[in-house]
Structures are given as structure tokens and as C-alpha cells.
Amino acid sequence: MQKPTVPKGTRDFGPEQMRKRLFIFDTIRQTFQRFGFQPLETPSMENLTTLTGKYGDEGDQLLFKILNSGDFAGGLTEADLQAGSKKITPKIAEKGLRYDLTVPFARYVVMNRNALTMPFKRYQMQPVWRADRPQKGRYREFYQCDADVVGTDSLLCEAEIVLMIHEVFRNLGVLDFTLKINNRKTLAGIAEVIGEPGQEGLLSVAIDKLDKIGMEKVLDELRERGFSEESIRKLDPLFSFGELDRLQLLNQLKTWLTTSETAQQGIAELEETLQFVDQYGLTDSRIEIDPTLARGLSYYTGAIFEVKANGVSIGSVSGGGRYDNLTGTFGMPGLSGVGISFGVDRIYDVMEELNLFPAGAGQGTRLLLVPFDSAARAVALPLLSQLRASGITAEVYPDLAKVKKMLDYANAKAIPYVVLIGSEEVQTGLLSLKNMVTGEQTKTTASELIQLLRSTSF
RNA sequence: GUGAUUGUAGCUCAGUCGGUUAGAGCGCCGGAUUGUGGUUCCGGAGGUCGCGGGUUCGAGCCCCGUCUUUCACCCCA
């Protein structure tokens, strides 16, 4: 027998998982809306022309392509087949699954440029797909929750992103996290100062691995990529910022990168952003300026953010930054934007590993009505409506089954309360409320019952 | 894309040197108990050993392929 399976790197989410996931989605959505972002959804598939070339060569490889409908191979010639799969792909697939939410958003902005009020703030919570090999904290289908502002280069937006990150993780109960922040202009400045102007891309990928592989190996990689010994020597100060506080760090950066105008601008942006954050009154900030933070995506041009949960070995749970020209490739240059993306699946893994889901997050039905016969059921149904109208999640066992079966059902669904209704309850009008955790059973009226369930969270 | 790794009942896992009819715990179903679950006791169902091929008198076990799981690299949320 062929047992059914789901494709590699994809998962089903059962009821308990889904409730926890919805807790994460709801928490993030609340914050996005509170900050004035408006909802947007885009199609799962985009034209490949929209997607390719936006994520670098590596990214293009990771795109899921969708085979054309109909006789997709009909127009292929012998020469095409000889040319190999890379040449054939555009002839047989003109659509692909979205790789992130930022590029479809940029496409949307360009298509609706005349209708949108600028600055335009949108949030979007949808799955994205990447064709890489699954491993810990990495899936082929996963959800991102993005919030972006386009049409302004105000650093207030960067500051608000910092605030939203703090609010989201605090509301989730993930208190021990680090928000790393840096600026691509500073990185560009470093490349200038060490005598490798324009090479900040290569510099970034290598430096990004610092805390993973250590300084020596980073330097080896730079040598491999053609950086001169002199440049590498000039990079020294970057590794000596260890224990400095924010002010000292910024001053040292300014001194070191004094000859680069770009770097000075990056540092000034960083300072202004942090100043705004202070003015907003953020307390107990988890911000850490990290001059080595690089991030892979090539379209970032200003601030870059990355959030890691401490105490777990799962990659970043959130990341983002400013991009000056994302819409340029779609024929709309000069539109600046900044955004943040929360990775729901990784946040879930972190919260599960650290046991951070609140008891209410996995909670479904709170009360099961157990009528013993049809006369009892006639009492139960109006009561059920009354309970639901009071906002209490309640259900009745649909069959007139044995009491054991119904109580087993309550246990299986982890329903904490049961109301038993038999001939005695029908006659007296009093209900038997059973606490399934303690086993204790009391007589109660309908209104007392509602009051009790409203006043306790579970 | 590179290199490892995993797969036996719904779940977690045993299964000796290749040898008769593949086992356990938990879970599930029924009963003890027609107004009381989570404890106990009794009974029961449930397997193409991931899939395909090969070696062998004989394969869950050995070989090849393939899919899947997990992990590292690359890259990333």
C-alpha cells in the first residue's frame, strides 16, 4: 500500500499546533495594525520575470517553478534539449511560487502607484516557498509576516520597526531576545576604508559568519575572495569592539571610518534612529549595534535588522532593513522603503523549545455539555446557546452515548469543565458542574456557571 | 547543489550470525460498570518491515536504485 505523504519540507498543522500558530499570528497582526499598517495579500504565484534576478544567483536556484499548463514541452526543439535545463526552464515555466513577501509587494506598489497614498504602510502574512534542503528551523514552505513602509526615507520608520519588534516579542512572551542593528552604508564605508571600495557585498557574506566560524576563518574566506593582505590588516579594528557601550562604539566607528563619507552617513542614521527610539520611550531595549551584521539579501541599502532568540540554536527569527531602489527594477526608481519580516515557523520552534506558549494558547473548548437522554438534551441546547452568547467556548456531545464515552471525549480534547445533565438535574433545575482536572463536582445554576467560566481563564 | 543520516503497528522503539507464524510499552476498540472520565482487571483489532530491483534454498537484516527523516555546508525566516 502506498502511504500518503506530504512533499519534502512541508507539514500539516493539527488543531493544537494551529491554535499556537494563530496565537503568534494574532499577536503580530495586532501590533502591525496598532502601528497603522494595512493588510495586503498577493497571489501565491508570480510571473518568473517578477521573481528572478531579485535574490541573486543562489536565490534564483531556490525558486519553485510552475510548469506551464497544456503541452508545455510542445515548442521545444532538439537544440533546446541540448542547451540544458537552465535554458529550457524559461520555455516551459513562466510562473513561480513567491520566495518572499517584499518583492511581490514592490510589484504591487508599482502596479498601483497612482492609487496609493504615500507613505504607504502595509502588512502581509502569507506563506513563501524556497526549494532548499530542509533542516532544523528551515522548511520549504513557511510563513512570513511582513510590515513595510514605502514612500518615505524618514528614520522614524526604522525607529517604529524597532518598537514593533519589541512589542511583538514581549507580547509573545519571548523576553530574552537580541535585536541586532547595523547599516549597509557603514559596511560600504568599511570596504572603502580598507581599500576595497564596492566590495561590501563580498565583505558582508564573510563577516556575517563571524560568530559562527570565528575571525580567522572569516579572514581566510576574504583572502580566498581576493582581498589583499593589506586590506585584511586594515580590517583589524572591526574585531576589537567587543565590550564597548553604545556611545563608545559609535565614536570608535566614526574615528576609524573618518575618511568615508558614506560610513559617516550610515553612523549618523544609526544614531538618529536610536535617538528616535529613545524619544518614543522604549524601556529595557534589547538593541545591540553590531558593525559585523550583514544579512544576505542584496537589496538592502540602509538600516539592517536581525532578531535572534537567546538560549536556542535556531537562526534568526526576524529580519529586515531599508531598501532604496526595490521598485526600480519594475520601472519606478527612487522609491525608498523599509520593512521587517517575522518568521512564524521559527518563532513557533523557539517558543516550543523554551516552553513559552501561555496555557490559554492551546486552549480549545472550555465546557462540554453531557446530556444523558433526550429530555436532558432539551435542557442542554438552550443552555449551550446562552453560554456561547456569553462568549464561552462550549459544545455538546452530539450522540446520546454512554457517559464514559462523553467524558473520555472531554479528556481527549482537554476540556476542563463538564456539565452533567440527567433526570435529577432536569427536575431540580440545578446543573452538575464537574471539574475534569480536580474531579470535584458541584451543583450550580446556569447564571452562576456563566459567571464562573467568565471569571476564570481556564 | 555537496556530504552524512534515518525508515519495523496510530506513537516510541526491540528484533541475536541471514533461518519456523515479526514483538513490547503506550494509544485505540469492547467488556467488568444502563448517572461519572483520568486508577485497576479481562478481552480484541491493528504489519506489503518506506518503495522498486538484486544476491540467496531462505532477506526486516546483505547489495544497488529511489523516496522520506534528521543534521552539517552553501544560503536563509
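Every heavy atom of this structure was used, including side-chain atoms; hydrogens, water molecules and symmetry mates were not. Throughout, a chain's letter reflects where its sequence line sits, starting with A, and its residues are numbered from 1.
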Report task. Kindly state each residue pair satisfying salt bridge (charged side-chain N to carboxylate O under 4.0 Å, His left out) with at least one member in residues 426-435 of chain A, sequence neighbours excluded. Result -> none
Might you list the N or O atoms of the protein lying below 3.5 Å from N or O atoms in nucleotides 4-12 of chain B, with each pair's distance?
none

Query - side chain to side chain contact (heavy atoms under 4.5 Å, CB included) partners of A/Ser285, counting only residues at least two apart - result: A/His166, A/Arg246, A/Leu282, A/Ile287
Query raised in the report: If you write RNA chain B from 5' to 3' in dot-bracket form, with Watson-Crick or G-U pairs under 3.5 Å, [ ] for crossing pairs and | for pairs with another strand, what do you get?
Result: ((((..(..((((.....[...)))).(((((.......))))).....(((((..]....))))))..))))....
Report summary line: With sequence neighbours left out, the residues meeting side-chain hydrogen bond (donor to acceptor under 3.5 Å, both in side chains) with A/Ser318 are none
Query raised in the report: Restricting to pairs with a member in residues 416-431 of chain A, which pass salt bridge (charged side-chain N to carboxylate O under 4.0 Å, His left out), not counting sequence neighbours?
Result: A/Glu424-A/Lys443, A/Glu425-A/Lys443
Please list every donor-acceptor pair under 3.5 Å in which a side-chain atom of residues 348-359 of chain A meets a protein atom from a residue at least two apart or in another chain.
from: A/Asp349; atom 1: OD2; to: A/Tyr139; atom 2: OH; distance (Å): 2.7
from: A/Glu352; atom 1: OE1; to: A/Lys20; atom 2: NZ; distance (Å): 3.3

Report task. Return each pair, listed once, that meets salt bridge (charged side-chain N to carboxylate O under 4.0 Å, His left out) where at least one residue sits in residues 311-328 of chain A; pairs must be two or more places apart or across chains. Result -> A/Glu158-A/Arg322
Query raised in the report: For A/Ser231, which residues count as a side-chain hydrogen bond (donor to acceptor under 3.5 Å, both in side chains) partner, sequence neighbours excluded?
Result: A/Glu196, A/Ser228
Query raised in the report: What pairs with A/Leu175 under side chain to side chain contact (heavy atoms under 4.5 Å, CB included), at least two apart in sequence or on another chain?
Result: A/Arg170
Report summary line: With sugar-phosphate taken as primed atoms, P, OP1 and OP2 and all else as base, the protein-contact string of nucleotides 31-47 of chain B at under 4.0 Å (heavy atoms; B, S, -) is S---BBBB---------
**Report entry** Under the side-chain hydrogen bond (donor to acceptor under 3.5 Å, both in side chains) test, residues paired with A/Arg34 that sit two or more places apart
**Finding:** A/Glu167
